[in-house]
Structures are given as structure tokens and as C-alpha cells.
Amino acid sequence: MVIPKDNSGTRPVWFVTGGINWQDYKYFWQHYYPPHRHNHRADIRGMRPGDRIAMKTDHFAYRATDNQGDPVISMGIWAVGRITRTRDHLVDVDWRMGEGRPLDNYRADGIANRFPADQCVWRMEPDDDATRAFIALAFSTEPVDGYLPDLAPSYFATLADELYLPIDFLQEVNTLLAEKNQVIFQGPPGTGKTYVAQDLAEHIAGSKDRVTLVQFHPSYAYEDFVQGYRPALINGQPGFELKDGPLLRAAKRAKAEPGAKHFLIIDEINRGNLAKVFGELYFLLEYRDREINLQYTDEPFHLPPNLYIIGTMNTADRSIALVDLALRRRFYFVEFHPDRPPVQGLLRRYLSDQAPGMEWAADIVDRANELLQDDPQAAIGPSYFMKPGLDEAAVNRVWNYGILPYIEERLFGQGDERLAEFDLAKLRDDVSADFGQENDA
């Protein structure tokens, strides 16, 4: 195909509303939006071969603030291209970039107030600095890292304070999601994996309604997660009805709202028989722009690019061996371990802020984890003690009825003397002795 010479230096630049299936639109058709047909007829007839054109999301999102705390408007771009031929209301386009996933959150400051958010065709004249800067950003071939890269660090500042985690860690997870769409938080129990996954997903999505939570277990199957037949009354008679699982329901919500981020959180992902639960989704996790027929329907299905998956994995659970290489290749893995950032020091930061004078509980946990260093996945996480109203009596209850039984199970067969090392009173004495030696030094 011969691409006309780019004449966009003097010609208008066009922004048209599209969606996640933009790769199926080899042209932009005026009648695709019948309610706006007559409104845009003159604009579409004004398009010429060689003009630049961008497929935009259909709305702006007032979802963040800049470094001064002022609202910032963001807009997604699905794809950009150049018009190759026009035929009345039919426009052929050579689309480039995107490969089926949006290039997220181009800054739209100073532009949004010129156009109604639901207008399907924008004609932009590159005759002032603000418009030229916006056009240059929208058509840039540089990759866009992270969710709102130009808003860092303010976008995650509030969430970082609430979670007592570093801002750069939250930004890094966001970048991993932008690159691969799927991450797994892995680490010992009590390290906050599920809590952080839910709060981070809700923060990015902007609504709890865009976050779906499911927990895997040994009896969980494909029919539970994706789609399967379930008993139902049909015309008053018992029978079976095809029901969507949480994966398909989340995917449909994401497809219905292509300009927003949607999340599926899979808690305890390694407790299920993953090959059985995921089925053909192994393929779709890697190829978001491809379609495949599901087991119970002939309709082609693809995972929308605006659906993100966060799994959590308890590494103290010996079933972690069931996680095969096929799944590992499709996810980024983020470590949550008490002895390494970002979890390292988390409990002390929380206690200093929420329970002053109880910081010694963090010393106890650190000391116990030193004694467990031969089995690092058995480490004690900070979440046990991140409770409102924590006092000495609460620490004793948590230790004796929550932590000691867990440690006893991990040390099975090592004898009573080994378990005695984790007596709370002994640990407090050891910590006090170490503190005294440091002061003498």
C-alpha cells in the first residue's frame, strides 16, 4: 500500500473515538456512531489522505492531581495512524502503534475544555503551542512507562502513607502491570500481600466496583473461574444453565468501560490446580490481542487490555511447587518478605505512627525471624500486629494463639528446646540484652 505523504504540518489532525478492538477497524466509518452522524459529516468530509489520525478513548478521567494538588485530566490513546484514502463518509486508515492495548493517560491539560468529552470526532488545528504539544505527545513513538508517569510521586503519595510503603515501590508495581498486565505478590504469611493488592487496585481503578476478588482452593475448577454449567430452573424445570465465572464477568465489565482500569485479584493463586483452572487462558494471558474459543461456547473471546490481574502466593505453603513455568513466564513476581524492602521496617513505621511505645513488638518479630533464617519462607510478617488499639495484652494474645502454633508446625520434629527459643518472654529478654550491649558499646 502506498502511504500518502504526511501533510500534517499544515493540515488538521484528527482524533476519533474508538475502543479496545481498534485493530479491527481498518477504517473509521461515520455511521459507527449514528447519533452523531450529521454532527460530524462536515468534519469527516474534511479529512484528506496524509492527515494524521488518532483513536482516542471516549472520555476524560478526572482521577489524579498534579504536584500542586490541582486536578489533572487524562486521556487514553488506543492507536495512531495516517489516512490513506477518503470516500465520502468512509475513511481508510493505516493504523500504527498500540497492538491492541491502550497507550495510557496522555496529559490533556488545556485541551479538554475545547471539546465535549463525548464528541466522536475532534478536528485540531496545530496553530498554537498547547495544541502542537498535545499532538506531539499523542503521536509520540516513545513508550509510556507507568500509569501516570508525569504525576509521580504525588499520584501514589496518599496510598503510600496509608500502606506505610515507599512510593517508588508502588510506582514499580504499576510499571510492571503496565508492561505485562499480570503480577503475583509472593511471600510468607502476614506480609500484607492481599491487603496491598486490594488497596493498590482500587487506587488505580478509581472504584471498588472495578475490582473483583476471588480465592483459589484445591477444589476450584475451570467451571468456577471461567465458565461452566450450573443447576438452574428453566421454565420451571430443573436443568443446567451456562454461567460466567468471575474471570468472564470481570472481562465483560472491562470491555464495557474501555477507558478505565479493571482488576481481578486472585488470592492464594497457587492453591488451585492452575492448569485445570486456567485452561486456554494460559494462551490469552500472553496474547491479549488474540482471540480463542472457550470450552463451553463457540464465541471467540479475548482478554481486554484494560483488565489487570494481581495474584497472591503464600511461599510458606508447600503447594508453591505446583506453579509451573508456563504460569511464571506470564507473570511478574514481586517479593514480599519481612527481611527485605518494601516490607522490611514496615511494622516499625506503623507502630511509631499508630501505637507509640509498642515498637518493641517489631524488635520481637525481627529477633524471631533471625531464629528462622534457616527457613526464610517461615518468616513472621508484620500484619499480625498491624491492628488498632495494639497493647501488651494484644501482643501476648497474637503471639500465643496466632504465631506460636504456626512456628510449632514449621519446626515439627526439631524438639521442645528449639520451640522454647520462641517463648515471648525469652525473646523480650534477648532483645533487651542486645539493646543494652549496643548502649554499652
Side-chain angles (χ1 to χ4, degrees), residues 18-26 29 32 55 57-58 78-79 98-102 177 180-184 201 205 209-311 322-324 326-327 329-331:
I20 57 176
N21 293 321
W22 67 266
Q23 66 269 30
D24 296 329
Y25 310 151
K26 302 306 179 186
W29 190 29
Y32 184 70
M55 187 78 75
T57 53
D58 60 357
W78 298 110
E99 298 180 358
R101 66 182 290 166
L177 285 166
K180 196 178 278 284
N181 280 76
Q182 295 105 215
V183 302
I184 287 178
D209 296 335
R210 298 186 183 123
V211 179
T212 301
L213 174 66
V214 62
Q215 187 178 66
F216 281 6
H217 49 77
S219 62
Y220 210 69
Y222 176 94
E223 289 76 12
D224 302 304
F225 183 53
V226 184
Q227 189 180 55
Y229 283 96
R230 289 286 180 266
L233 284 177
I234 303 174
N235 297 325
Q237 299 296 320
F240 291 88
E241 187 177 23
L242 188 61
K243 295 280 190 178
D244 291 342
L247 182 280
L248 255 63
R249 293 197 297 269
K252 289 179 179 179
R253 285 194 293 269
K255 290 179 181 179
E257 196 178 13
K261 306 282 189 182
H262 286 252
F263 283 81
L264 175 64
I265 298 175
I266 306 175
D267 195 33
E268 304 285 2
I269 190 172
N270 55 310
R271 288 187 177 272
N273 183 334
L274 297 182
K276 178 181 178 182
V277 174
F278 276 93
E280 64 272 8
L281 290 180
Y282 267 178
F283 176 83
L284 296 177
L285 287 172
E286 186 169 10
Y287 300 101
R288 289 289 185 112
D289 58 340
R290 302 285 293 276
E291 293 182 334
I292 197 170
N293 290 339
L294 301 178
Q295 292 185 30
Y296 292 96
T297 179
D298 291 331
E299 295 181 7
F301 172 78
H302 76 278
L303 280 176
N306 62 322
L307 177 62
Y308 299 84
I309 299 175
I310 302 178
L322 298 177
V323 180
D324 59 26
L327 186 75
R329 188 165 58 84
R330 288 162 171 80
F331 283 79

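No hydrogens, no waters, no symmetry mates; every other heavy atom, side chains included, goes into these values.
- Among all heavy-atom pairs drawn from Ile265 and Ala201, the shortest one is CD1-CB, 4.1 Å.
- Side-chain atoms of Arg288 come within 3.5 Å of backbone N or O of Leu307 as a donor-acceptor pair.
- Separating the CZ atom in Phe331 from the CD1 atom in Ile310 is a distance of 10.5 Å, to the nearest 0.5 Å.
- One distance of note links CG of Asp289 with CD of Glu291; it measures 10.0 Å at 0.5 Å rounding.
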Quiz: residues 212-225 side-chain donor-acceptor pairs under 3.5 angstrom, not counting sequence neighbours:
residue, atom, partner, partner atom, Å
Thr212, OG1, Arg253, NH2, 2.5
Gln215, NE2, Asp267, OD2, 2.9
His217, ND1, Ser219, N, 3.4
His217, ND1, Ser219, OG, 2.9
His217, ND1, Tyr220, N, 3.4
Tyr222, OH, Glu280, OE2, 2.4
Tyr222, OH, Gln295, N, 3.4
Glu223, OE2, Tyr296, OH, 2.6
Asp224, OD1, Arg230, NH2, 2.5
Asp224, OD2, Ala221, N, 2.9

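- Between the Asn306 side chain and the Ala254 main chain, a donor and an acceptor come within less than 3.5 Å of each other.
- The closest side-chain heavy-atom distance from Lys255 to His302 is below 4.5 Å.
- With rounding to the nearest 0.5 Å, the separation of CG in Leu247 from CG in Leu294 is 8.5 Å.
- With rounding to the nearest 0.5 angstrom, the CD1 atom of Ile269 is 4.0 Å from the CD1 atom of Ile184.
- Considering all non-hydrogen atoms of both residues, Leu233 and Pro238 come closest at CD2-N, 3.8 Å.
- The structure places OH of Tyr229 at 12.5 Å from NZ of Lys243, a figure rounded to the nearest 0.5 Å.
- The nearest pair of heavy atoms linking Asn293 to Asp298 is OD1-O, 3.1 Å.
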Please lay out, stage by stage, how Phe301 and Leu284 fare under the test side chain to side chain contact (heavy atoms under 4.5 Å, CB included).
-> CA-CA 9 Å; Phe301 172 78; Leu284 296 177; 3.6 Å; yes
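- Rounded to the nearest 0.5 angstrom, Ile292 CD1 and Leu303 CG are separated by 10.5 Å.
- Between the side chain of Arg210 and the backbone N or O of Lys261 there is no donor-acceptor pair closer than 3.5 Å.
- Put simply, the side chain of Asn181 never gets that close to the backbone of Leu285: no donor and acceptor are under 3.5 Å apart.
- Counting heavy-atom neighbours within 6.0 Å of Tyr287 OH, excluding the residue itself, gives a total of 12 or less.
- Figure legend: cation-pi geometry between Arg330 and Tyr282, with NZ or CZ positioned under 6.0 Å from the six-membered ring centre and within 45° of its axis.
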